[in-house]
J.: 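Let me begin by handing over the structure; questions about it come next.
On a predicted model such as this, the values are computed, not experimentally measured, just so you know. Positions are given from 1 along the sequence.
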Amino acid sequence: MNSNQRLRARFILGCIIFAACGLTITLYSTQILHGGEYATKARKQYVKPNTAIFDRGSIFFAAKDGSHPAAATLATNYSIFMSPKLIKDPSGTYQALSQYLKLDQSDFLKKASIADDPYEELAKKVEVGVAQSISAMSLVGVGVNKENSRSYPGGTLAAHTLGLIGENDGTIKGRYGLESSYENILTRPAVGSGANIFAQLFTGIRDSVLSDSSAAHGDIVTTIEPTVQGYLEKTLEKTRVEWKSDEIGGIIMDPHTGNILAMSALPSFDPNDTSSVKDPAIFSNPLVESSYEMGSIMKPLTVATGLDSGAITPTWTYDDTGTMTLSGKKISNFDGKARGVIPVQEILSQSLNVGAATVALAVGKDMFAKYFTSFGLGSKTGIDQPNETAGLTSNLKTGRDIEIATMAYGQGIAISPMAMTRALAILANNGKIVQPHLVQEIDYVDGTKKMIASVNGADNGASVLKPQSVEDVTRMLVKVVDVALRKGAFKMDHYSVAAKTGTAQIADPVTKGYYPDRYLHSFFGYFPAYNPKFIVFLYQKYPKGAQYASETLTNPFYDLTKFLIDYYDVQPDR
C-alpha cells in the first residue's frame with residue numbers, strides 16, 4: 001500500500017470514527033438524557049401528534065448549610081384526554097370518569113359524539129392518585145398524559161427576583177426576573193414528535209460534534225439564602241400592614257462581594273398562579289426598574305465626598321443658618337431652625353440639609369458631580385435582572401448650585417433602590433464599588449460549572465473613596481446610632497452598627513412640585529461597622545401616620561440586624 005492509499009484509508013477511518021462518536025453521543029442523549037421525554041411523547045402521539053414536551057433548566061436558592069433548595073423547577077402534572085372517534089359508549093365513559101373528575105355531562109357527551117375528532121382535553125393538572133385511578137380503568141378512547149410545567153415551590157418567595165415564564169406565539173420564554181435574564185441558559189429545545197427520528201438523530205450528530213450548543217444550557221444557583229429571604233419578606237409585610245404604605249422593599253447584600261442574600265418588594269405575586277393579577281406591572285421588579293428620590297441617606301456619601309476631596313476634615317465646622325437661598329430658591333433644614341457653628345458630625349446626627357448643601361458647595365459643582373458619578377449614580381449596576389433603570393440624574397450636569405445642593409441631601413436625583421444600595425456599600429467596602437449579582441453558579445448540562453461570584457469582590461472593585469474617608473464616615477454613622485437615633489435607644493452593646501435614615505418628599509406629577517404630606521422613607525445600615533458582613537437597605541413609599549423614616553423603619557432594620565447576627569453567628573466587635 002503506497003503513501004496516498006494509506007492517507008485515504010486513514011481519512012476514511014477518521015470519518016467513520018468521527019461519525020460513530022457523534023452517533024454514540026446523540027443516542028446517549030436520546031435514550032438516557034431525554035428518554036423519558038420521548039417515552040411520554042410516544043404515549044400521547046396517537047391522539048395529539050404535534051405536542052412538544054416542555055423542558056427548562058432549574059433555578060436554585062443557596063442555603064446557609066450549602067444545600068440548594070429548588071426555587072423554580074419542573075413539576076410533573078397529569079392531563080386527562082379522550083379521543084371521541086375511539087369511544088363506543090359515551091354515557092358509560094362519562095359515568096366512569098365522573099367518579100374522579102368534575103365534568104359537565106352535556107358538554108362531555110357533545111364532544112364525545114364527534115366521530116372524526118381525535119383529541120379533546122378533559123382536565124389539566126390532575127393529582128397523581130386520580131390519574132392512576134383513571135389509567136387503571138383502561139377506558140377505550142381515554143388516556144392520561146404525563147406532562148411538565150413550571151413550578152415555584154416557594155410560592156411568593158423571591159417572586160420579583162425569580163420572575164416567571166410566558167407564552168408568545170407558541171414559544172415559552174422567561175418574561176421577568178432571572179427567568180428572563182438567564183433565558184439562554186435555562187431554555188431547552190422541546191422534544192417534538194413531528195420530525196423523523198433518524199433526522200433528529202443525525203441533526204443531533206451535527207450539533208453534538210460540530211458545536212457546543214448543548215453546553216450553553218444548564219441550571220443556575222442564586223445567591224439568595226431562602227431563610228433570610230423569608231425573614232425579610234415577613235418583616236416587610238408586617239411593616240407594610242402597620243404603616244399602610246403603598247409600596248415597600250428591602251435588600252440584604254454582602255458589601256464585599258455584591259452577593260444579594262435577599263431582595264423583596266411588596267405588593268408581590270405568586271408565579272404559580274397569576275390568574276387573579278389585574279395589572280401586569282406587578283411582575284416588574286421595582287428594586288431595579290423604578291427610581292426614587294431617596295432623601296437623607298444620601299448625606300453620608302456627601303460627607304464622604306467632602307472628606308475625600310479635601311474640602312472638609314473630620315473636625316470641620318460650619319455656621320448652620322437653618323436656611324439658604326440658591327438660584328432664587330430657598331432650601332432649609334427639616335425644621336427650618338439654625339444650629340449656629342457646629343461640627344460635621346451633626347450633619348449626620350441631626351440630618352441637616354443646609355449642612356449637606358454647604359459641604360457640596362465647598363467641594364465644587366464639577367468635583368461633586370464627578371464623585372457622585374463614580375459612585376454609580378446615573379448608571380446601571382449591571383445586576384442580573386431585566387429592564388434595569390439608570391435613574392434620573394440629569395441634575396448632575398446642570399452646573400447650577402441649587403441642583404448640587406439639593407442632591408447633597410437626596411432630593412432632585414432619583415435612582416433605584418439597587419443603585420442606592422451599591423453606592424452606600426462603598427462605605428462598607430473600604431471605598432471600593434462592586435457589582436451586585438443574584439447568580440453565583442451555572443451548572444451546565446454537560447457537567448461543567450461556571451462560578452460567577454469569584455469575579456466580584458473587594459479585590460476586584462474599583463476604588464472610588466480613600467479608606468480613611470470611609471473610616472471617618474463610618475465612625476460618624478456609628479455615633480448616629482449610638483447617640484442620635486431614638487436618643488441611643490438602639491445602641492447595641494456588643495456590636496457596632498453604622499446607619500442612617502432618609503425622608504424625601506414625593507414628587508407631584510400634576511403640579512411638578514412635591515406633595516406636602518407624602519414621603520418616601522428609607523433606612524440603610526451595615527454591621528459590624530468596621531468589618532461589615534451585611535448591608536441592609538429598606539424603603540417604603542407613602543407610609544400613613546408618620547412623617548419620618550426613623551419612626552417607621554428603625555424597628556424593622558433592627559429586627560433584621562438581630563436576626564442576621566444570630567442566624568450567621570456573627571462575632572461581637574465590642
Side-chain angles (χ1 to χ4, degrees), residues 25-26 28-29 32-34 55-74 150-154 158 160-165 172-190 204 207-226 228-229 251-263 285 288 380-388 418 422 425 429 432-462:
I25 293 171
T26 304
Y28 174 79
S29 175
I32 305 300
L33 298 181
H34 299 288
D55 192 15
R56 190 170 179 82
S58 296
I59 304 174
F60 297 97
F61 292 129
K64 185 183 69 169
D65 63 5
S67 63
H68 294 161
T73 188
L74 291 179
R150 201 55 161 170
S151 174
Y152 301 88
H160 284 108
T161 300
L162 297 175
L164 71 167
I165 61 174
I172 298 176
K173 292 183 177 181
R175 299 301 182 193
Y176 298 90
L178 293 174
E179 293 277 26
S180 175
S181 298
Y182 288 87
E183 170 64 21
N184 61 324
I185 300 295
L186 297 170
T187 189
R188 299 283 194 278
D207 292 340
S208 298
V209 178
L210 300 182
S211 74
D212 62 351
S213 60
S214 63
H217 305 303
D219 303 325
I220 60 176
V221 180
T222 72
T223 58
I224 298 292
E225 210 291 336
V228 176
Q229 178 73 28
I251 297 169
I252 300 175
M253 186 175 82
D254 180 336
H256 302 297
T257 65
N259 285 354
I260 305 294
L261 302 176
M263 183 165 79
N285 189 346
V288 298
K380 298 179 181 180
T381 68
I383 189 172
D384 35 5
Q385 289 279 279
N387 308 315
E388 184 181 12
M418 189 68 257
R422 175 179 67 164
N429 189 33
K432 295 181 178 181
I433 187 169
V434 296
Q435 179 182 330
H437 59 281
L438 286 156
V439 170
Q440 62 180 336
E441 178 183 324
I442 300 175
D443 297 337
Y444 293 106
V445 295
D446 65 358
T448 61
K449 295 184 178 183
K450 178 181 179 180
M451 305 305 295
I452 297 178
S454 60
V455 303
N456 294 275
D459 292 338
N460 297 300

J.: State, yes or no, whether a side-chain contact exists between Asp55 and Leu74 at a heavy-atom distance under 4.5 Å.
T.: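 A side-chain contact under 4.5 Å exists here.
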J.: Determine the minimum heavy-atom distance between Ser67 and Asp65, stating which atoms define it.
T.: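 Nearest pair, atom of Ser67 first, then Asp65: OG-OD1, 2.6 Å.
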J.: For a side chain to side chain contact (heavy atoms under 4.5 Å, CB included) with Leu438, tell me which candidate from Ile383, Ile59, Leu261 qualifies.
T.: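 Result: among Ile383, Ile59, Leu261, Ile383 is the only option passing the side chain to side chain contact (heavy atoms under 4.5 Å, CB included) with Leu438.
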J.: If I take atom NE2 from residue His437 and atom OG from residue Ser181, how far apart are they, to the nearest 0.5 angstrom?
T.: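 Going from the NE2 atom of His437 to the OG atom of Ser181 covers 13.5 Å.
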J.: Between Gln440 and Ile452 (side chain of the first, backbone of the second, donor and acceptor by atom type, cut-off under 3.5 Å), is there such a pair?
T.: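 Such a contact is absent between Gln440 side chain and Ile452 backbone.
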J.: Verify, without hydrogens or angle tests, whether Glu441 (side chain) and Val221 (backbone) share a donor-acceptor contact under 3.5 angstrom.
T.: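 Answer holds: no.
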J.: Please report the shortest heavy-atom distance between Leu186 and Glu179, naming the atom on each side.
T.: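 Looking at all heavy atoms of both residues, the shortest contact is CD1-OE1, 3.6 Å.
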J.: Taking all non-hydrogen atoms of both residues, which atom of Ala262 and which atom of Val228 are closest, and how far apart?
T.: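 Distance-wise, the nearest heavy atoms are CB-CG1, 3.8 Å.
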J.: Please confirm whether the backbone N or O of Ile224 pairs with a side-chain atom of Gln229, one donor and one acceptor, at under 3.5 Å?
T.: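 No, because the side chain of Gln229 does not come within donor-acceptor range (under 3.5 Å) of the backbone of Ile224.
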J.: From Tyr444 OH over to Ile220 CD1, what is the distance, rounded to the nearest 0.5 angstrom?
T.: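 Those atoms lie 11.0 Å apart.
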J.: Salt bridge (Lys or Arg N to Asp or Glu O under 4.0 Å) for Arg56 and Glu183? Distances and angles first, verdict last.
T.: CA-CA 9 Å; Arg56 190 170 179 82; Glu183 170 64 21; 2.8 Å; yes
J.: Let me see the working for Phe60 and Asp443 under side-chain contact (heavy atoms from CB on, under 4.5 Å), right down to the final yes or no.
T.: CA-CA 11 Å; Phe60 297 97; Asp443 297 337; 5.7 Å; no
J.: At what distance, to the nearest 0.5 angstrom, does NZ of Lys380 lie from CG of Asn387?
T.: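 Lys380 atom NZ to Asn387 atom CG measures 8.0 Å (nearest 0.5 Å).
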J.: Once rounded to the nearest 0.5 Å, what's the spacing between atom CG of Asp219 and atom OG1 of Thr73?
T.: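 Rounded to the nearest 0.5 Å, the CG-OG1 separation comes out at 7.5 Å.
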J.: Taking all non-hydrogen atoms of both residues, which atom of His68 and which atom of Ala62 are closest, and how far apart?
T.: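 So the two residues come closest at CD2-CA, 4.1 Å.
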J.: If you take all heavy atoms of Pro226 and Phe61, which pair is closest and at what distance?
T.: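 Reported closest heavy-atom pair: CD-CB, 3.7 Å.
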J.: Has His217 got a side-chain atom pairing as donor or acceptor with Thr187's backbone, closer than 3.5 angstrom?
T.: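 Looks like yes, one N/O pair under 3.5 Å.
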J.: Heavy-atom distance under 4.5 Å between the side chains of Arg150 and Leu164, does that happen here?
T.: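 Arg150 does not reach Leu164 side chain to side chain.
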J.: Rounded to the nearest 0.5 Å, what's the gap from CE on Met253 to CE on Met263? Could you check?
T.: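 Here the interatomic distance stands at 11.0 Å.
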J.: Please check if atom NZ in Lys450 has more than 12 non-hydrogen atoms from other residues, nucleotides or ligands closer than 6.0 Å.
T.: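 For Lys450, atom NZ is not crowded (no more than 12 foreign heavy atoms under 6.0 Å).
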J.: Backbone N or O of Val439 within a donor-acceptor pair of the Asp384 side chain at under 3.5 Å?
T.: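 A pair under 3.5 Å: yes.
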J.: Determine whether a donor-acceptor pair (N or O, by modelled atom type, separation under 3.5 Å) exists between the side chain of Arg422 and the backbone of Pro255.
T.: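 No.
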J.: What closest approach, in Å, do Pro386 and Gly177 show between heavy atoms, and which atom pair accounts for it?
T.: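 Closest approach of Pro386 to Gly177: CD-O, 3.4 Å.
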J.: Quick one, Gln385 and Met418 - any side-chain contact, counting heavy atoms below 4.5 Å?
T.: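 A side-chain contact is absent here, since even the closest heavy-atom pair is not under 4.5 Å.
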J.: Closer than 3.5 angstrom, by distance alone: can the side chain of Thr381 be matched with the main-chain N or O of Gln435 as a donor-acceptor pair?
T.: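 Answer holds: no.
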J.: Would you say that Arg175 contacts Ile165 through its side chain, given a criterion of any heavy-atom pair below 4.5 Å between the two side chains?
T.: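 Heavy-atom side-chain distance check fails, nothing below 4.5 Å.
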